[in-house]
Amino acid sequence: MRRTWLIVGGVFTLATVGGLGTGFGLNVGLPEDSADTSLLYSTTTETTVSAYRITTPELFVEVAGEVDVKVIATPASKGARRLTVERRLTWTGADGRHHSESWNGRWLRAEMMCGVAACGALYTLTVPEGTPVRLITPPRTLTCAPRVCQDG
C-alpha cells in the first residue's frame, strides 16, 4: 500500500510541476513596455598602442585628412631605442571612416577620412629625446618639438 501511495504521489508531483512549468513557459511573457525611439547620435572611439624598435636617427610622419600628431620626448634609455605609437580614432554615425596606416622603420604614414559625419585621429608618438620628428602635411614640412603638431 505504501508503494502505491509513493507512485501516486510521484505521478501527481510530476504532473503538477510539469503542467505549471509548461503553463508559465507558454503563457507568461515579459511586458512589452516600450516607446518609439530612434538613434540620434553615436560616437565610437578606438585606441591602439604599438611599440617599435627604431634604428634611424630621425623619423618622418606623413599625414592626410583628419589626423593630428602629438610628439612626446622621453629620456633616452640604455639599450634599444623605441618608438611608441598610440592612435586614437574617433568617428560618429554609421558612415564610418576610412583609416589607413603604414610603417617602414623610418616613415609613418597615416590617413583618416570621414564620410558625411565627423571623425578624427590623434597619433601620440613617444620618441627618445633628441630624435627629430619631421611632420609632412601638404604643403609644408614641420620639425615637431614635444607638442601637438597640426596642419594649418
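Values reported hereafter were calculated over all heavy atoms of this structure, with side chains retained and with hydrogens, waters and symmetry mates removed. Just so you know, residue 1 is the first one in the sequence shown, and it goes up from there.
- Both L108 and Y52 belong to a single network of hydrophobic side chains, linked directly or stepwise wherever heavy atoms of I, L, V, M, F, W or Y lie under 4.5 Å apart.
- Closest approach of V49 and E86 over heavy atoms only: CG2-CG, 3.8 Å.
- Taking CE of M113 as the reference point, atom OG of S100 lies at 8.5 Å (rounded to 0.5 Å).
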Show me, pair by pair, the donor-acceptor contacts under 3.5 angstrom made by side chains of residues 57-66, not counting sequence neighbours?
unit_1	atom_1	unit_2	atom_2	d
E58	OE1	R134	NE	3.1
E58	OE1	R134	NH2	3.2
E58	OE2	R106	NH2	3.4
E62	OE1	R109	NE	2.9

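- For S102, the side-chain hydrogen bond (donor to acceptor under 3.5 Å, both in side chains) criterion is met by no residue, not counting sequence neighbours.
- For R82, the side-chain contact (heavy atoms from CB on, under 4.5 Å) partners are A51, T84, not counting sequence neighbours.
- Within the structure, salt bridge (charged side-chain N to carboxylate O under 4.0 Å, His left out) contacts touching residues 35-54 (residues at least two apart or in different chains) are E46-R97.
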Extract all donor-acceptor atom pairs below 3.5 Å that involve side chains of residues 117-130 and protein atoms in other chains or at least two apart in sequence.
unit_1	atom_1	unit_2	atom_2	d
Y123	OH	H99	NE2	2.8
Y123	OH	E101	OE1	2.6

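- Screening residues 117-127 for salt bridge (charged side-chain N to carboxylate O under 4.0 Å, His left out), with sequence neighbours left out, gives no hits.
- Expressed to the nearest 0.5 Å, how far OG1 of T74 lies from CG of L83 amounts to 10.0 Å.
- Counting heavy atoms from C-beta outward, W103 and V85 have side chains that stay 4.5 Å or more apart.
- Take T45 and apply the side-chain contact (heavy atoms from CB on, under 4.5 Å) test, not counting sequence neighbours, and it matches T43, T47, R88, T90.
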